[in-house]
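Below is one structure; the comments refer to it alone.
Sequence positions, counted from 1, serve as the residue numbers for this chain.
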Amino acid sequence: MHFEGMSAMDARHLVLAYASVALFQGGYFAWVVRNWLRLKDDEKKAAKPVE
């Protein structure tokens with residue numbers, strides 16, 4: 001997308017904003033997956049009968 005009279009330097013803060021949001025969302029997604037896998041593992045351990 002190109003706006004008349006807008007240089008690449010003018011849009012640099014937008015690139016930083018999009019990169020920050022993508023990094024934040026990726027980190028949150030990884031955190032959710034990690035905790036979900038831990039929860040599944042804990043449920044398996046809890047369901048296993050103790051002999």
Side-chain angles (χ1 to χ4, degrees):
M1 196 187 302
H2 179 71
F3 297 101
E4 195 169 322
M6 186 174 180
S7 71
M9 288 299 289
D10 293 337
R12 185 175 241 167
H13 71 284
L14 294 175
V15 173
L16 182 61
Y18 278 109
S20 301
V21 169
L23 183 66
F24 181 78
Q25 287 180 336
Y28 180 73
F29 178 74
W31 178 79
V32 168
V33 169
R34 188 177 120 230
N35 286 322
W36 178 67
L37 292 173
R38 280 185 177 178
L39 182 64
K40 280 179 49 176
D41 192 40
D42 289 346
E43 287 175 351
K44 284 181 185 176
K45 288 178 184 175
K48 188 181 285 188
V50 178
E51 296 179 16

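Scanning for side chain to side chain contact (heavy atoms under 4.5 Å, CB included) contacts around Asp42 gives an empty result, with sequence neighbours left out. With sequence neighbours excluded, the residues forming a ring pair (Phe, Tyr, Trp, His ring centres under 6.0 Å) with Tyr28 are Trp31, listed by chain and number.
Residue pairs satisfying the salt bridge (charged side-chain N to carboxylate O under 4.0 Å, His left out) criterion with at least one member in residues 15-40, sequence neighbours excluded, are absent.
Leu37 forms part of a hydrophobic cluster together with Phe29, Val33, Trp36, judged by ILVMFWY side-chain heavy-atom separations under 4.5 Å.
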